[in-house]
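Just the heavy atoms: all of them, side chains too, but no hydrogens, waters or symmetry mates, feed the values below. Because the structure is a prediction, the values reported are computed rather than measured.
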Amino acid sequence: RMSLQMFQAGKTVFDIATEREMAYGTIESHLAGFIATGEISIFDLVKMQKVEDITNVINKLKTESTSEIKQAMSDDYTYGEIRAVLNYLKLENS
């Protein structure tokens, strides 16, 4: 919840990770969870083009495995972004 509050206060993922002395990916995971609850918009965390790209790979592979999706994508995509999109799609389909 602290990561969410800091993000909503305008801090970047990098800033939150630095202040909380946690890994960037950990903070991304925290925030991805709040996409599933609707407390953060996917587009506040992941650029629209990346959401589209990740969604296309998910649909092509027909998997929710972050590691399989990550392997099919370039290094420009993080596990946190993939988790965020997976949570977004779950929210949209519920």
Item to check | Stepwise side chain to side chain contact (heavy atoms under 4.5 Å, CB included) test for Val13 and Leu45 | outcome: CA-CA 9 Å; Val13 175; Leu45 195 59; 3.9 Å; yes
Next on the checklist: Run the side chain to side chain contact (heavy atoms under 4.5 Å, CB included) test on Phe14 and Ile27 for me, step by step, so that the C-alpha distance in whole Å, both residues' side-chain angles and the decisive distance to 0.1 Å come before the verdict.
Outcome noted: CA-CA 8 Å; Phe14 179 79; Ile27 302 303; over 6 Å; no
Next on the checklist: For Thr37 and Leu91: C-alpha separation, side-chain torsions, deciding distance, then whether side chain to side chain contact (heavy atoms under 4.5 Å, CB included) applies.
Outcome noted: CA-CA 7 Å; Thr37 64; Leu91 180 65; over 6 Å; no
Next on the checklist: Does His30 form a side chain to side chain contact (heavy atoms under 4.5 Å, CB included) with Met2? I'd like the steps, not just the answer.
Outcome noted: CA-CA 9 Å; His30 291 172; Met2 183 181 289; over 6 Å; no
Checklist entry - Under the side-chain hydrogen bond (donor to acceptor under 3.5 Å, both in side chains) criterion, do Ser67 and Ser65 qualify, and how do the steps go? => result CA-CA 5 Å; Ser67 59; Ser65 167; 3.2 Å; yes
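Residues Leu86 and Thr66 form a side-chain contact, since some pair of their non-hydrogen atoms from C-beta on lies under 4.5 Å apart.
Put simply, the side chain of Ser29 gets close to the backbone of Gly25: a donor and an acceptor are under 3.5 Å apart. In terms of modelled atom types and a separation under 3.5 Å, the side chain of Asn87 and the main chain of Ala32 share a donor-acceptor contact.
Ser3 and Ile16 get closest at one heavy-atom pair: O-CD1, 3.6 Å. Scanning all heavy atoms of the two residues, the minimum distance from Val57 to Met73 falls at CG2-CE, 3.9 Å.
Each salt bridge (Lys or Arg N to Asp or Glu O under 4.0 Å) pair with one or both residues in residues 75-88, not counting sequence neighbours, appears once here: Lys50-Glu81. Note on residues 2-20: pairs passing salt bridge (Lys or Arg N to Asp or Glu O under 4.0 Å), not counting sequence neighbours, are Lys11-Glu19.
Atoms CD1 and OG1, on Ile69 and Thr63 in that order, are 5.5 Å from each other to the nearest 0.5 Å. With rounding to the nearest 0.5 Å, the separation of OG1 in Thr55 from CD1 in Ile82 is 11.0 Å. Put simply, CD1 on Ile54 and OH on Tyr77 are 6.5 Å apart, with the number rounded to the nearest 0.5 Å.
In this structure, Glu68 does not pair ionically with Lys62, as no charged nitrogen and carboxylate oxygen lie closer than 4.0 Å.
The hydrophobic clustering, which links ILVMFWY residues whose side-chain heavy atoms are closer than 4.5 Å, places Val85 and Leu61 together. Under the 4.5 Å side-chain heavy-atom criterion for Ile, Leu, Val, Met, Phe, Trp and Tyr, Tyr79 and Leu89 are members of distinct hydrophobic clusters.
Side chains of Asn56 and Glu52: a donor-acceptor N/O pair is absent below 3.5 angstrom, by distance only.
Remark: Phe43 engages Ser41, Met48, Val51, Tyr88 in a side-chain contact (heavy atoms from CB on, under 4.5 Å) (not counting sequence neighbours).
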